[in-house]
Every structure is written in C-alpha cells, then in structure tokens.
Trainee: 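Input: one structure, supplied below.
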Amino acid sequence: MSMDKTFDAASAEARIAAAWEAADAFAAGANAKPGAPAFSVVIPPPNVTGSLHIGHALNNTLQDILVRWHRMQGHNTLWQPGQDHAGIATQMVVERRMAERREPGRREIGREAFLQKVWAWKQESGGTIMGQLKRLGASLDWSRNAFTMSGAPGAPVGEDGNFHDAVIRVFVDMYHKGLIYRGKRLVNWDPHFETAISDLEVENREVPGHMWHFKYPLAGGETYEYVERDADGNVTLRETRDYISIATTRPETMLGDGAVAVHPDDARYAPIVGKLCEIPVGPKEHRRLIPIITDEYPDPAFGSGAVKITGAHDFNDYAVAQRNGIPLYALMDTKGAMRSDGLSYEESATLAGQIARGEREAGDVSQINLVPEDLRGLDRYEARERVVADITAERLAVTYLHKSIDKETGAEHLELRPLVDAKPIMQPFGDRSGVVIEPMLTDQWFVDTPKIVQPAIDAVRDGRTRIMPEQHEKVYFHWLENIEPWTISRQLWWGHQIPVWYGPNFEFSDEMPDEDLVKEFCAANRTDVEELALNYYSRSDGIERRVEFSDELPNRRAFGLRNDAPGKQTIILYRDPDVLDTWFSSGLWPIGTLGWPEDTPELRRYFPTDTLVTGFDIIFFWVARMMMMQLAVVDEVPFRNVYVHGLVRDEKGAKMSKSKGNVIDPLDLIDQFGADPLRFTLTSMAAMGRDPKLGPKHVEANRNFVTKIWNATRFAEMNGVFAAASAGQPQPAHTVNRWIMGETARARLALDEALAAYRFNDAAQGMYAFVWGKLCDWYVEFAKPLFDGEHADETRATMAWVIEQAITMLHPIMPFVTEEIWALTGNRAKMLVHGDWPAYGAELIDEAADRQMNWVIGLIEGVRSARAQMGVPAAAKLDLIVAQADDAARAALAANGPLVERLARVNPARDGEAGRGMIAVAAPGASFALPIGDVIDAAAETARLEKALAKTEKDAAGLRGRLSNPKFAQNADPEVIEETRAKLAELDEDAARTKGALEQLRSL
RNA sequence: GGGUGAUUAGCUCAGUGGUAGAGCGCUUCGUUCACAUCGAAGAUGUCAGCGGUUCAAAUCCGUUAUCACCCA
C-alpha cells in the first residue's frame, strides 16, 4: 500500500458517505454503550423549497460536531432531520411552475387538485437540501426524516407521518383551553399573496419616500391664533389660521381618517382641541368632518405635531383609535386596491359624519366604504397620486414661496409650490413577496401568546434552558416580555387547514354583527365535530336535525340550515378555509418529530432534546415559539441548551445577498477544496457571539491543513509505522515519545473543554496548533533520526498512536479525511465514525520530558535564528561548542543529540571555548558557540546580540519595577509574585550570557 | 429615538486582570526522499480616543467617536 501525495476529497467523500449510509452509522442509538446517557439534537428544519446556503453549512457543521463527538463517546445519540412545509414559499414555487407550464391556475383546478400538485412537487424536488447536507457530511439519522405536513389528508404514500395529527391535536387543545381565538384585528397583510402574515415575516426597510403637508380646514370656517415659540419661549411665528397642518407619507389613507390627534401638552393646538376639521379630499359636497383629539402618541417636535389617525391602515393609529373610540374605516381590498364594495360614497360619508358628530354609535362599520367612486378599484399608489393632485389643485397643500429669475427678462418670479419633503421612510415589506405590506383589518386566528409566555420566560430565567451566548437572553426576554398575539391563520391552501367548522348560531339576533351569526365547532375530525354540533343543535323543539358538511361558503345571513321536511332539518357545516402558519407546526418540531402525541420510546428517550443550534435571526421565529409551545403542550422545555451562532458574511463583512452578488455557495467550496476544509474553516471562525467572515482563501488554507495531516500519515506509512503498530496506548521510554504523548493528552483536554463550552473556534484552532505545530513541525522531525536506533519500535508505536489519536479527535470537525486515514492505517473492526473517544488526560504528561523537549526546541530555534541572521548557508553544517552547561542542559543534550544535530544542522556537540569567528547562542543553563569561519562579520554579530540584549533588558526592567513596588508584594497573589521572580531570574541569566558573548566579541 | 454588539499586526480574527497571539499576506533563504497545498528565518501593534478603579487594564467601570445589527 502506498498513499497518494494528496487526499482526493472528491472521490473519497462520495465513497465514505456511501459507506456510512450502508452501515447505518448515523441511526439513533448507533455506537451507544449500554446504559449510556442520551444526547439528542433536532435540526432546525430547512424550508422544503430551500437549497443549501452557507448559513446552513455553518449551522449543520456545528451540530454535526456535537453529534459526532457524543456518538464517539458512546452516548445514545439522535440527530433528527426533517423539513418544514413553508406555506407561502412552496405555494409560490408550485404556482410559478404551473404558470411556466401554461397549466390552469390554482383557483381553476381547485384546492384538492392543487394540493396534489404540491405533494407531487414535494416528492420530486423537495429533497434537494437533504442531499446537500449529506455532501457536507452531516450525520443525521436519515431514516427518521420528518416533514411538518406528513400525515395530512391527501398526503401520498411515504408521507404518512404523525405531524398533522400533532398539529391538529395542539390546535384543538389550545382552542378549548381558550389559548386560541378568532378575532378582527389589524394584521400585516401581504397584497401579493393575499394572506395575513405575522410581524416576524415583515422586513422593515428604509426606502426613499415623501412627506406631504396638507391643510385640514376647521369646520365652519373657524379660525384660531397659531403661535410658535423657540426653546426660550420667544414667539417666532404668530398667525391666524383656519386649518390644522398635517404631515403624511400615505395621502391615500386620508380617506379613512377618523380623527386628527395632537399631544395633550402641545400649546399650539390647545385652542382647537375638541373641534372638528375637514378632510380635504373627496367630492366637495360630502366632505367629512373629523374631531381633533389629544393622545400621547403624536410627537410635538415631528412635522407639524398633528397626526391624522387612520385606524384601519396603520398600527400606531390603530392603537390611538382603540384608546379614543375612533372608528376604523377600511379602504382597501385583499390586493391592496381601493375598495369597490359596500355602500356608496355618499351614504358612507353621511354615516361617518353622524358617527363623528356623536349622533350615531360606530358599531360595525364594515359596509362603510369611504373611497369616492372615482377612486374605487384603483391601486393604492395610483390613488395616492390622484389624492395629492386633487388637494394641490384645491390649494390645500401647504406651500412655500419659490423664487426664480426669468433669464430673458431678468424679472423676478414668485410662485407658491406644494411642500413635499423627499426623505427616507421605513416601510414594511413581505419577506417572501417583496411587496409593501398593508396593515389590514381582517378576521384571523390568534394564539393568545400573553397567556402562555410566562413559562417560557421562567425556564430561561431559572436556567432550565440556557441560551448562549448570554447576550441573546436579553433579546429573548425583551421579545417575550412585550409579546403581541400571534397571527396564525394564513389565507393559503398549502398547510394544515384550521380544524374549525362553522354552523348557524341558534342564539342570534338581528342586531348581532355578522361574525357572531356563526357558531364555531373545533375538533380534530369530522366525527368529533358532528358530535359537538348535534349536541348543540339538539333542541327540545321537536325538530330532528342532522349534520352535513360543505366546502361552499354560504351566505352569512341565511346559511347553514335546510328544511328537508316538516320536523326535519339539515345543518350545514363548512370548514374554515384558512391554514395555519408554518411556524405553528414548526413550533412543535421537538415533540412532533419524536412521535407525539403517541407515547413513543423515542419521545421518552430523547425528549427534552439537548442542544438547539441556530442562527440569531430565528430566536423569535422559532426558539421562543418552541419554548412556549412545548411548555404549553407537554409542560417541559424542548431543549436544555440553545447555541446561537453568527451570520456568515463575506470577506469584507458584508451580508451575503443575491442582489450584491457576494453569495458564497458552500457546494462550490466543497467541489473546489472538499467538505472537510469548509467545515474546519467554519468551525474555526465560530467564535461565540461573532459573525464569521468567510473567503475562499481561508478554506484553501485549511485544505492545506488536510494535506498536511495526510502527508504526516503518508510519511509514517512509508516508514512502516502502521505495519509494526500494535493496538493500544504505548508506554515509551524515550523523552521525545513521552513528550508527544503528553502533548496529545493536552490537546485532548483542551478539545473536550472547548467543545463542552461550545467554543468551536478554540476546538478547531487547538487541534490545528497541535497537529501542525507540534505533531508535524516537531515530532515527525524528531522521529526521523529515531527510526534506526534502539528506540525505533517504540517510536513507530508512538507515532501510530499519536496519529490515530489526532484523527480521532479531528473526526467530528473533519469526518471524511479522518475516516479515510483510519481505514488506510490499520485493519479496523469498525469505522472511525464509531471510534472510541479518548479519555486520557494529565497522567500522560511527563513534566521532565516536557522540560527537556522544550529546551531542545529552544536550542534548535536559537541556532537556526543565529545562522539565518548571520547569513550562514542553510546547507552548511557547523560545529556546536559547549562553552558552559549545567547538568540539566548536558542531560538534555546527551539524550537528544541526534535530534539537535539534524534539525539545527550541527555536528555533535563538544566542549570548548568560545573564540574568534564564532557566533553565540544561549539556552537556559548553557552557552554555545558556533564557529562560522574567519569571515564572520563582527559588526553584524554585535548588532544581533545587542538587539537581543536590549529586548531582554527591557523586559527585565519591567519585571524588576513591578517587584520593587511594595504594593505589588503586598497585594498580588503569591503565585504571581513567584512566577514574576522566576521569569526575572531567567531574563537576568539570559542577559548575562549575551553580555558575556558581547564582551568576548569585543576582546577578540 | 431605544437596545445590543464591535473597534487588537497590511487583511480576517482569537485573547474574562499578570505586560499581546494565530491564520492569510509581506521580506529573505531553501530541490537532504511526508508535504512547494512545503520548510527555515524575519518585519510589522499608542490593543479607537479620554478619564476612572487596581500593585497591575486589551481585559473591569464611565465617557466620546466611528461602524454594524435589532426594535420603534
């Protein structure tokens, strides 16, 4: 057998991955020792439409390290894979595909047929990311692959999991506990997908916008004195006004204004609070009047200090409207166009006027449509232009005087222009659709999060779940402590349909608002619903009633009842057409993937899970919701640790984005360098609380690390190291071998400590320093002269062991190359993926060997440095004259002579005197001289030594100053004082030797 | 506006109180059979500024500046 010069990642990775899979190496409980503790991790389920990006690569590398580490320790390990069904994204992908194929649209083919197409798509293309994770080396238990829509009605064979049952069961339970309710509230509405979305699916971005300033005339031509003052109270403006000035970025919503609000302390508007003003849009004859009210919300320093209140189209305004009993007039339809339904503008304006004057209770205002006929059906942006144009034409825009000079006549020209500020404004965008989100007043289902939030807060406060790094706990608490109800209904087809059926309300009255005319029945299936319904509809009125299900949404005022014959009625129930937010199902991921609501062995063994590894961007989306849901449903935390990693950025620290074109595809990096270097790079950058900045350079550097350890193994193999090796831990006699075993133990201790603390970067960098800096740079070099001597056997055994230990410890980070080396270097009973994690520690550290080898390394470095600085040709072999040496130094030299000779390129040491033509090298307890011939440049040697002396003396002076400070002696740790003394003594000795060498140089 | 974090070598970053490190890059040298995807040697720092606590501060506290992210 002989090894190639480099590790061929491309061919080896596929082969090794196949071998792992064939051996079921990643199955739950694989390699578990009897009675071993469990270790379980659930993957943050990637989106079924997704493909692997660099963030997934980081996230899954870190999880894989933890999982492989525990599995090798013999723990009963499960890493649970799966995907979520991504309601909006998937529906979008499938609809787009249907359009590309010129197939009839979703509404034409109907819900059931559409869902079949989604399932077909899922089975065909939904597994992309899972295959990509395999390329990364992720050791997930693929046999347990889960899906948040598994087991839903219509799911094809092979998709028959339990997840649907779990989701429905939770909804029904929470409904009956009063934790889920239906209501009309302002929600984020995506006009593109025509569905509600949660606030977390909204991205607020600053975009260029405009601020218009308009005059709302006071009712009946009233006037008031408007006074503005500066900070000192001096009047800066005083004028009589017959209007109040309003600033807005959304003029089209003026049509739905219910009031104008000013701050209660704002003296400028005090004279007109409580009066009515006129909205300056719409047909002149039906101008609406709205009240001027006070509320804490307006900021007197912002704009004019007066704010128009459009409760149905702005979240802040909604709150003001709620506080002050201002009606909410909806202006738009589901596509974000101006409404065309409901009453005529004239009727609507009349009713609204009566409400504003207090002549009429607001009540249900849903039929009131305050969009003038000429604007109905227009897109919201067209409507905006029209409104602005109309107001400007009517001279009700606030204006400023624009001065220009006619170039030809030189005449000064004054003109009033409308005041429009171009300025950046924050706008909400749908994170999937990219269109501007419209706050909309709609009927939706909500989780009453304030009712279930406390256990999730407590669990982190009392440490049952730990979030790392700690700073993210603050984010978690802050969000949960200010939590809003969670909108969980979506106006989509792909998802878990809400298990609520509607029938007629038998307690209705004519005054009831529409939504109370229905009776809700919530149950997991039709049988249960039928029972609930029959229970409700059985009256002692002698009429026999049966229940029928329908998908048709009946007319609300006459629905749900059919008289079949005298004394016989059929109640028609229809199901809520909406589906649940994908995150509602993902929130149940830990229990759902383990088989809940069944009481499965997996649930008992692996729940609660150990560690959740995730990005900070989904702390709210996911971590907080899983905490709330699991605690609400099974009264247990879903995981004990949450490790939050950073966001992978490009080399310059910029966020990766398609539009910037700086996206790094992990699969490209794997193709180019291999999965191991990518994994190692991401790991070494995963410092707690920092964002890794990744460039191909880094990956290349770590590919070289793979090559390095590969070649160290190749060297060992060429020297018969593995042929001779016997299994087990060697007990060598030679200092070099004893030393490297101690270094191996140190590496093991540091690695386990780092991994236990989730300090992935320390784990990777520690192994890098050990393998390259200790094993390759020194041990392999030291071993070369030993392969022929009396210590040849033990050196081979030690090298075999050290390499085996190194690849074992590196396996969690770099599974492929280590598995390959494992197979090439021995007849193994099992694969390295199931290798035994080492447990040795400090007992392998031989302090004497340590001291001796560090002395040897120091001497070799001293000689090399002196040679290089004095320009001695690299090939020249010098004599090594021992001018002076203590016993320890002599012993070290005697034991390691051949090593020093080889690595420092010197002849065997001999005693002698330093003299002409020699350069000086000092080591602890010894002085050496190296004759380099008569051509020595005395000036250069003097300069070299003086430079070294200056540094030593400077360091020594610092230490001396510290030691001579009485307060230091008084306050510092005795250990620290002792260390400082020892260090100073060493420096003094070093300085003395160098001085001696300098004197000698001068005297010659 | 509020919150959080960052600021350390040319670059990317480690460094939780004892006098500063790594990788990459750079300079010089090197075909001795593990590796040129390598080796040896070398240069490079007001640890953002200011103030404080301490025997001792990159590290703790305050403050300023700049940048980034999150939330309004």
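Values below: all heavy atoms of this structure, side chains included; hydrogens, waters and symmetry mates excluded. Numbered from 1 within each chain, the chains take letters A, B, ... in sequence-line order.
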Trainee: For a quick test of reading the model: is some side-chain N or O of Lys697(A) closer than 4.0 Å to OP1 or OP2 of U37(B)?
Mentor: no
Trainee: Who does G39(B) pair with, Watson-Crick or G-U, both distances under 3.5 Å?
Mentor: C29(B)
Trainee: What's Ala687(A) touching, base or sugar-phosphate or nothing? Going by heavy atoms closer than 4.0 Å.
Mentor: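 Ala687(A): backbone/sugar contact only, no base atoms under 4.0 Å.
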Trainee: What nucleotide among U12(B), G18(B), U19(B) has an atom nearest to a side-chain atom of Phe968(A)?
Mentor: G18(B)
Trainee: Could you tell me the Watson-Crick or G-U partner of G1(B), where both distances fall under 3.5 Å? Say none if there is no partner.
Mentor: C71(B)
Trainee: Choosing from A14(B), A34(B), A36(B), which nucleotide comes nearest the side chain of Phe715(A)?
Mentor: A34(B)
Trainee: Can you tell me the base-pairing partner of A6(B)? Count Watson-Crick or G-U wobble geometry only, both distances below 3.5 Å, and say none if there is no partner.
Mentor: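 Its partner is U66(B) (Watson-Crick or G-U wobble, both distances under 3.5 Å).
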Trainee: When the C1' atoms of U8(B) and A48(B) are compared, how many Å lie between them, rounded to an integer?
Mentor: 10 Å
Trainee: With P as the reference atom in both, quote the distance from A14(B) to A22(B) in angstrom, rounded to an integer.
Mentor: 16 Å
Trainee: From C-beta outward on Thr6(A), which listed nucleotide comes closest to its side chain: G5(B), A41(B), U37(B)?
Mentor: U37(B)
Trainee: Tell me the partner of G23(B), counting only Watson-Crick (N1-N3 plus N6-O4 or O6-N4) or G-U wobble (N1-O2 and O6-N3) with both under 3.5 Å; none if nothing fits.
Mentor: C11(B)
Trainee: Can you check whether Ile821(A)'s main-chain N or O pairs, donor with acceptor, with Thr825(A)'s side chain at less than 3.5 Å?
Mentor: yes
Trainee: Of the candidate nucleotides A41(B), A34(B), A43(B), which contains the atom at the shortest distance from the side chain of Ser865(A)?
Mentor: A41(B)
Trainee: Could you work out the separation of G10(B) and A36(B) based on their C1' atoms and round it to a whole Å?
Mentor: 25 Å
Trainee: Between C69(B) and G30(B), how far apart are the two P atoms, rounded to whole Å?
Mentor: 49 Å
Trainee: For the residue pair Ile740(A) and Met853(A), establish whether any side-chain heavy-atom pair is separated by less than 4.5 Å.
Mentor: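 Of all side-chain heavy-atom pairs linking Met853(A) with Ile740(A), none is under 4.5 Å.
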Trainee: Check whether any side-chain heavy atom of Val460(A) sits under 4.5 Å from a side-chain heavy atom of Met627(A), and report yes or no.
Mentor: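 Val460(A) reaches Met627(A) side chain to side chain.
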Trainee: Measure distances between side-chain N and O atoms of Glu781(A) and base N and O atoms of A34(B), and say whether any donor-acceptor pair falls under 3.5 Å.
Mentor: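 Per atom types, the contact qualifies.
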Trainee: Base, sugar-phosphate alone, or nothing: which one does Arg864(A) contact when heavy atoms must sit under 4.0 Å apart?
Mentor: sugar-phosphate
Trainee: Identify whether any heavy atom of Arg867(A) sits under 4.0 Å from a base atom; if not, whether one sits that close to sugar-phosphate; answer base, sugar-phosphate or nothing.
Mentor: nothing
Trainee: Under 3.5 Å, is there any donor-acceptor pair linking the side chain of Lys708(A) to the base of C35(B)?
Mentor: yes
Trainee: Check every strand shown and say whether Lys784(A) touches a base, only sugar-phosphate, or nothing at a heavy-atom separation below 4.0 Å.
Mentor: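 Touches a base.
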Trainee: Taking only the P atom of each, what is the distance from C38(B) to G23(B) in whole angstrom?
Mentor: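 Taking atom P in both C38(B) and G23(B), they lie 12 Å apart.
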Trainee: Cation-pi check for Phe715(A) against Lys784(A): NZ or CZ below 6.0 Å from the six-membered ring centre and within 45 degrees of the axis, yes or no?
Mentor: yes
Trainee: From C-beta outward on Met718(A), which listed nucleotide comes closest to its side chain: A41(B), C55(B), C33(B)?
Mentor: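 The closest nucleotide is C33(B).
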Trainee: Does a nitrogen or oxygen in the side chain of Trp772(A) sit under 4.0 Å from OP1 or OP2 of G39(B)?
Mentor: yes
Trainee: If you check the Ala701(A) side chain, which of C24(B), U19(B), C35(B) turns out closest?
Mentor: C24(B)
Trainee: Would you call the rings of Tyr643(A) and Tyr758(A) parallel, tilted or perpendicular if under 30° counts as parallel and over 60° as perpendicular?
Mentor: parallel
Trainee: Using heavy atoms to find the nearest nucleotide of RNA chain B for Asn316(A) and Thr707(A) separately, return the residue whose nucleotide is more 5′.
Mentor: Thr707(A)
Trainee: Can you check whether Ile813(A)'s main-chain N or O pairs, donor with acceptor, with Asp676(A)'s side chain at less than 3.5 Å?
Mentor: no
Trainee: When the P atoms of U16(B) and A58(B) are considered, how many whole Å apart are they?
Mentor: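 To the nearest whole Å, 13 Å.
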Trainee: Would you kindly compare Ala874(A) and Val780(A) by the position of their nearest RNA chain B nucleotide and give the one closer to the 5′ end?
Mentor: Ala874(A)
Trainee: Say you pick atom P in U32(B) and the same atom in U37(B); how far apart are they, in whole Å?
Mentor: 16 Å
Trainee: Does a nitrogen or oxygen in the side chain of Asn971(A) sit under 4.0 Å from OP1 or OP2 of U54(B)?
Mentor: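 Indeed not, no polar side-chain atom of Asn971(A) lies that close.
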Trainee: Pick the P atom in A20(B) and in G45(B), then give their distance to the nearest Å.
Mentor: 13 Å
Trainee: Counting only side-chain heavy atoms from C-beta out, which of C55(B), C35(B), U32(B) sits nearest to Arg905(A)?
Mentor: U32(B)
Trainee: For the side chain of Gln869(A), counting heavy atoms from C-beta on, which of G42(B), A40(B), C55(B) is nearest?
Mentor: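 Closest nucleotide among those given: G42(B).
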Trainee: Side chain of Arg796(A), backbone of Asn719(A): donor and acceptor closer than 3.5 Å?
Mentor: yes
Trainee: Hey, does Arg902(A) reach any base, or is it just sugar-phosphate, or nothing, if we go heavy atoms under 4.0 Å?
Mentor: nothing
